[in-house]
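Order of the sequence lines fixes the chain letters, A, B, ..., with proteins taken first and strands second; residue numbering starts at 1 for each chain.
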4 protein chains.
Amino acid sequence: MIAVLKHGTTPQQTEHLVNWLKNMNIDVHISEGKEITVLGLIGDTSRVDIELLNSLEIVSSVKRVSEPFKQANRKFHPNDTVVEVGNVRIGGGHFAMIAGPCSVESMDQIIEVATAVKESGADILRGGAFKPRTSPYAFQGLKDEGIRLLLEAKKATGLPIITEIMNIRSLDLFNDVDIIQVGARNMQNFDLLQELGKTNKPILLKRGLANTIQELLMSAEYIMSEGNENIILCERGIRTYETCTRNTLDLSAVPVLHDLTHLPVVVDPSHATGRSALVPSMAAAAAAAGADGIMVEVHNNPSCAFCDGAQSLTPAQFDEVNRRVRRIREVIV
Amino acid sequence: MIAVLKHGTTPQQTEHLVNWLKNMNIDVHISEGKEITVLGLIGDTSRVDIELLNSLEIVSSVKRVSEPFKQANRKFHPNDTVVEVGNVRIGGGHFAMIAGPCSVESMDQIIEVATAVKESGADILRGGAFKPRTSPYAFQGLKDEGIRLLLEAKKATGLPIITEIMNIRSLDLFNDVDIIQVGARNMQNFDLLQELGKTNKPILLKRGLANTIQELLMSAEYIMSEGNENIILCERGIRTYETCTRNTLDLSAVPVLHDLTHLPVVVDPSHATGRSALVPSMAAAAAAAGADGIMVEVHNNPSCAFCDGAQSLTPAQFDEVNRRVRRIREVIV
Amino acid sequence: MIAVLKHGTTPQQTEHLVNWLKNMNIDVHISEGKEITVLGLIGDTSRVDIELLNSLEIVSSVKRVSEPFKQANRKFHPNDTVVEVGNVRIGGGHFAMIAGPCSVESMDQIIEVATAVKESGADILRGGAFKPRTSPYAFQGLKDEGIRLLLEAKKATGLPIITEIMNIRSLDLFNDVDIIQVGARNMQNFDLLQELGKTNKPILLKRGLANTIQELLMSAEYIMSEGNENIILCERGIRTYETCTRNTLDLSAVPVLHDLTHLPVVVDPSHATGRSALVPSMAAAAAAAGADGIMVEVHNNPSCAFCDGAQSLTPAQFDEVNRRVRRIREVIV
Amino acid sequence: MIAVLKHGTTPQQTEHLVNWLKNMNIDVHISEGKEITVLGLIGDTSRVDIELLNSLEIVSSVKRVSEPFKQANRKFHPNDTVVEVGNVRIGGGHFAMIAGPCSVESMDQIIEVATAVKESGADILRGGAFKPRTSPYAFQGLKDEGIRLLLEAKKATGLPIITEIMNIRSLDLFNDVDIIQVGARNMQNFDLLQELGKTNKPILLKRGLANTIQELLMSAEYIMSEGNENIILCERGIRTYETCTRNTLDLSAVPVLHDLTHLPVVVDPSHATGRSALVPSMAAAAAAAGADGIMVEVHNNPSCAFCDGAQSLTPAQFDEVNRRVRRIREVIV
């Protein structure tokens with residue numbers, strides 16, 4: 001960490017600051033120029049509060065040279081983390097296709113979709129039981145019954161399942177769930193993250209819709225700092241001024257994350273775009289960008305013409321998406 | 001709600017849709033044009049899932065004519081809500097100045113700041129006990145001890161207190177707290193909102209840093225739909241590309257919210273700007289914009305030169321800010 | 001276009017509005033409901049000022065049903081436009097790789113880069129002669145001398161050339177340039193667009209860094225409305241809060257644009273990310289998303305260790321990028 | 001400027017870089033730590049290309065310690081610039097109210113509005129003659145006739161006038177205009193800025209809707225570097241994800257700019273919000289934030305019910321806004 005002191009800082013003030021830093025086990029290398037004095041902070045600066053330091057009267061600016069995340073940092077863990085779920089592996093060259101409906105609606109629906117996506121080559125079944133909704137008046141999911149139905153679909157198809165948790169008090173319901181998803185709105189629900197860090201479940205952590213890549217890694221660090229290193233990061237679109245898509249899928253996050261961290265990175269083009277017509281090309285692009293997995297919404301939609309989400313593929317469309325993604329995977333290496 | 005059907009929709013498809021809507025107790029007024037058919041949906045459309053409707057094959061676009069929030073809506077509740085805390089009133093022409101340190105640090109600190117801001121005319125004491133921090137390695141607040149110290153400061157000064165909740169499991173600790181704050185990161189922690197809706201405590205709900213004004217009102221609606229109508233909304237800056245300030249304070253939200261809702265609106269210029277030098281002018285601007293209250297950080301900073309947050313005012317600065325704000329309040333009516 | 005009138009609008013007011021619209025050759029279909037009245041506007045509504053209409057006292061809201069762009073609209077021109085430059089075609093299944101240095105620096109440099117990228121399979125040579133720079137003190141390009149050197153490189157390699165125009169007064173210098181680029185900062189320099197519309201030169205129009213997809217198409221419409229239909233659209237990243245990349249590449253714009261318009265769409269991953277290490281994966285992703293071309297910066301960097309832009313590939317890296325892009329092109333169809 | 005070199009940089013590489021910088025008349029102060037080497041660059045670093053430096057293989061990061069703008073910088077010009085237009089002064093404690101219609105429409109209209117706003121206390125008359133419009137099919141203003149009508153209104157009322165330039169070729173038409181406005185879309189039309197820098201006209205430079213405060217100052221620097229120091233900066237809202245207002249008015253820009261530059265700062269709440277109902281409170285807030293002037297749209301709207309822009313005040317509303325703003329001005333000092 002580099003701290004630049006303001007012109008006019010007295011030697012006493014500098015000494016005061018240096019002593020304070022040394023008390024935190026930080027070595028300080030002082031470089032005095034004519035107009036500015038630069039302090040180089042050496043040691044475990046992840047514990048230094050950059051905002052606090054920046055706020056001092058005598059400090060002109062502060063810059064991190066090393067990242068504030070440690071356990072998620074590729075520098076200290078050069079090899080890719082591979083998350084294992086049943087026979088499925090994600091990361092380190094292993095690619096997973098995650099598919100299923102936005103919400104679990106009924107036994108028939110989830111079994112039918114699960115069977116269809118398995119046939120097309122999906123590796124993991126997704127389905128929402130607890131649904132975070134902007135409106136208190138909208139359907140909030142089948143909750144524990146939804147998880148029960150997902151487990152039935154797992155039994156019927158052998159596919160591992162992933163579903164979202166919204167509240168630490170419902171953790172017991174997730175005992176047989178294979179991957180617990182933390183949704184975008186809860187990416188900085190730190191108490192939830194810490195509790196999940198005490199489990200050994202694989203966690204899929206979605207990027208918040210206004211969160212930076214570094215904040216995503218700090219949230220992963222919250223989980224890892226409690227002992228759970230089975231984390232999958234998920235890019236699912238960020239909020240911008242553009243209105244043609246629900247969010248703006250930030251695919252550059254894939255290579256950026258691969259550079260910064262050893263954790264696997266999956267992409268959710270369904271929630272990012274909000275429009276099923278855009279999912280095939282964005283799934284292809286995510287694969288080409290090097291994602292370790294793709295998570296898409298698939299709906300069977302047989303009897304009810306009005307339950308099909310705008311962002312869901314039909315099983316036939318999913319089949320084609322999966323084929324194309326696999327072809328791209330083969331030619332990018 | 002207006003739904004525009006695509007060119008080429010068959011009468012059967014239209015009838016199918018109309019019947020589905022009627023089953024939800026929505027009356028439908030059909031207007032057929034040469035190129036487009038427009039459906040006018042009459043009734044309680046807050047229960048209609050606009051995204052789902054929009055996603056139907058035959059639907060070209062959907063537009064809400066009425067807002068999706070009801071209890072927070074000024075149309076159905078024209079008079080300003082006045083939230084009462086002890087002798088303090090917020091809203092309906094009553095203005096409250098909320099001041100105090102970012103974090104409660106010690107008995108001496110909180111008593112000293114509380115005494116100082118009371119003398120300067122503050123109405124309510126703020127102070128963080130549970131601190132949401134981006135990094136798991138940063139100071140997370142004194143927690144229950146922090147609340148205990150706040151209560152001591154309340155006893156010493158008579159000021160009502162406000163402090164942030166991060167987890168519903170710690171609700172018992174807030175029994176004697178006057179206003180419970182929901183932070184920006186938890187604005188869409190729906191389970192937390194619903195639990196708070198079951199209490200009768202005044203809730204200060206902060207706008208999330210990437211949330212729209214409508215989403216803020218929908219989150220208020222989550223609390224109100226459970227029975228608690230004592231809600232204060234808080235604008236505290238949104239995330240933009242500008243880096244001169246920590247966030248971009250969206251003061252237009254004040255008159256927009258006053259138009260849409262009867263709930264009081266306060267402004268937090270300290271967190272919005274992240275720089276104490278900007279707080280005086282932004283506090284003045286918030287008052288001029290018609291805010292029902294202002295919440296600012298004040299720190300005494302006596303012994304430790306390095307604990308003063310970049311965004312905190314000294315008691316003397318707060319005194320001047322409070323005077324200016326009161327003068328502006330007098331001339332804007 | 002649909003206009004919703006407010007509750008309480010009098011028949012006289014409605015009639016007044018309808019007559020005003022009829023004077024603009026707009027047919028109006030009135031649908032009166034109990035609470036709202038909906039007007040359906042039929043005809044060439046591209047000339048109706050939606051903001052003005054929306055601002056009327058009696059109007060609650062207005063919604064476009066048809067897009068405000070006409071000549072760029074795929075609905076009225078279903079077949080892909082193919083832009084031809086020498087032997088190179090862009091659009092309608094034809095893909096072009098555009099490569100070259102950020103700035104033209106010297107005869108040796110531009111000839112060397114042009115030769116290298118041609119050998120690797122580039123179709124078009126790019127190079128900046130007029131450089132828009134945030135600072136007036138930064139290098140602004142070799143200007144007319146830069147164009148002269150580009151033309152030498154064209155002569156030496158046979159590659160068509162593309163370079164940016166900043167001012168309509170320098171149009172004469174572009175006589176022998178094959179494609180004129182309009183940079184992001186000039187996307188809404190409407191006078192420049194109109195002048196370029198009077199030429200028959202292919203125009204590459206870059207999306208402004210805070211412009212919507214619809215605004216990009218309206219700017220294309222400015223050029224087309226003057227007679228020039230040889231337009232290539234270019235996605236080059238939009239401005240968001242994320243700081244890991246210079247801008248956020250919005251790859252969803254590719255399928256969205258292909259749906260809305262018949263014009264070809266190319267992607268510039270170099271400017272979007274600002275980091276050469278991210279260019280290979282983002283070029284691959286752009287190809288997978290269906291882009292009609294990719295524009296990347298390549299620098300030879302032989303003698304001067306300090307002239308290599310952060311976002312430029314070496315010729316060897318470009319060779320690899322080009323191969324991967326071509327392989328992806330083969331498998332996405 | 002501080003440059004941090006990567007771990008592993010060789011002494012030869014460091015020397016190479018230092019020599020290159022010294023050739024640009026930059027003194028370099030080297031500070032070698034165990035893990036990092038820090039270079040302090042002393043001298044006129046405004047000419048150092050920070051992106052280029054940042055892009056070097058051996059450079060880990062670069063940070064400006066001093067701002068890249070010089071003539072606009074308050075550090076080198078501590079006293080406020082006061083721009084004089086006729087008897088009106090802006091800046092240095094002098095406040096100007098600028099009012100008038102969005103577009104000049106007719107002699108009657110502009111004379112009537114000008115007379116009304118003068119009576120209410122406006123200092124300067126605004127009115128659009130050249131109108132930048134997103135659509136080529138929308139009304140583009142009365143152009144030279146519009147300027148002629150503005151000059152008539154100036155003659156009739158004695159008010160100085162301000163109007164927007166879109167193209168350097170029309171500069172001759174602005175001979176008798178008092179202040180030339182550069183619109184948000186042209187904030188980085190550098191050729192236009194440089195030409196205006198060669199005149200001695202006061203320039204009102206609007207912030208682009210996705211431009212940072214620093215970029216605004218760099219654009220002012222473009223004008224000043226050609227010799228014209230009569231610049232008024234204008235905050236008019238930035239583009240964010242919020243849709244309740246057309247743009248998000250960034251009032252924090254007022255104190256930030258007052259800190260960074262000596263140039264006067266005015267605020268345009270009409271374009272920022274796009275809704276006349278929000279203009280009174282935002283004008284009040286701008287005054288309270290310390291703006292040196294406010295620019296609002298006022299329309300007379302006598303005969304035509306459909307010409308009133310959504311963002312325009314009536315003369316009576318303007319009168320009230322002006323009174324409130326003046327009252328706030330009195331109590332903020």
Side-chain angles (χ1 to χ4, degrees), chain C residues 13 16-17 20 46-47 49 51-57 68-70 130 132-140 166-170 185-194 208-211 214-215 218-219 221-222 224-226 238-239 246 274-276 304-312, chain D residues 13 16-17 20 46-47 49 51-58 68-70 130 132-140 166-170 185-194 208-211 214-215 218-219 221-222 224-226 238-239 246 274-276 305-312:
Chain C
Q13 288 175 309
H16 195 175
L17 176 57
W20 180 66
S46 69
R47 285 165 206 279
D49 188 333
E51 291 207 357
L52 195 150
L53 188 58
N54 210 358
S55 75
L56 304 183
E57 272 291 313
F69 46 95
K70 294 189 294 185
F130 293 91
R133 303 301 303 271
T134 302
S135 168
Y137 309 120
F139 175 58
Q140 316 262 329
M166 284 180 62
N167 188 321
I168 201 59
R169 292 186 297 183
S170 54
R185 291 178 182 86
N186 277 317
M187 194 202 90
Q188 293 193 315
N189 183 338
F190 301 123
D191 286 15
L192 177 60
L193 299 179
Q194 282 175 322
L209 88 176
N211 286 110
Q214 181 168 304
E215 286 169 347
M218 293 311 292
S219 285
E221 193 81 11
Y222 258 97
M224 298 176 90
S225 67
E226 298 290 332
I238 61 174
R239 186 163 262 182
R246 186 194 292 159
R275 290 169 54 187
S276 64
C304 167
F306 304 120
C307 308
D308 182 20
Q311 65 205 24
S312 292
Chain D
Q13 287 175 309
H16 195 174
L17 175 56
W20 179 67
S46 67
R47 286 163 206 280
D49 188 333
E51 291 208 356
L52 195 151
L53 187 59
N54 211 359
S55 75
L56 303 183
E57 273 291 313
I58 61 172
F69 45 95
K70 294 189 294 185
F130 293 91
R133 303 300 304 269
T134 302
S135 167
Y137 308 120
F139 174 57
Q140 316 262 327
M166 284 179 62
N167 188 321
I168 202 59
R169 293 185 298 183
S170 53
R185 292 178 181 87
N186 276 318
M187 194 202 89
Q188 292 193 315
N189 183 338
F190 301 123
D191 285 16
L192 178 61
L193 299 179
Q194 282 175 322
L209 88 176
N211 285 111
Q214 182 168 303
E215 287 169 346
M218 293 310 292
S219 286
E221 194 81 10
Y222 257 97
M224 298 176 92
S225 67
E226 298 291 331
I238 62 175
R239 185 162 263 182
R246 186 194 291 158
R275 292 169 54 187
S276 65
F306 304 122
C307 307
D308 182 21
Q311 68 205 20
S312 291

Legend entry - Residue part contacting chain C, namely of D:Leu193, when any heavy atom lies under 4.5 Å: neither
Legend entry - Between OG1 on residue C:Thr134 and CG on residue D:Asn211, distance to nearest 0.5 Å: 8.5 Å
Legend entry - Between C:Gly208, C:Pro68, C:Ala210, the one whose heavy-atom pairs under 4.5 Å with chain D are most numerous: C:Ala210
Inset, instruction - Name the member of C:Met224, C:Gln140, C:Gln194 that forms the most heavy-atom pairs with chain D at distances under 4.5 Å. - result: C:Gln140
Legend entry - Note: C:Arg239-D:Glu215 ion pair, threshold 4.0 Å (strictly below): yes
Legend entry - Side chain proximity check, D:Pro136 to C:Ser225, heavy atoms < 4.5 angstrom: yes
Inset, instruction - Report the distance from atom CG of D:Asn167 to atom CG of C:Leu192, rounding to the nearest 0.5 Å. - result: 9.0 Å
Inset, instruction - Please examine the side chains of C:Phe190 and D:Met166, heavy atoms only from C-beta on, and report whether any two atoms are closer than 4.5 Å. - result: yes
Inset, instruction - Name the member of D:Ser219, D:Ser135, D:Pro132 that forms the most heavy-atom pairs with chain C at distances under 4.5 Å. - result: D:Ser135
Legend entry - Side chain, backbone, both or neither of D:Arg133 within contact of chain C (heavy atoms, under 4.5 Å): both
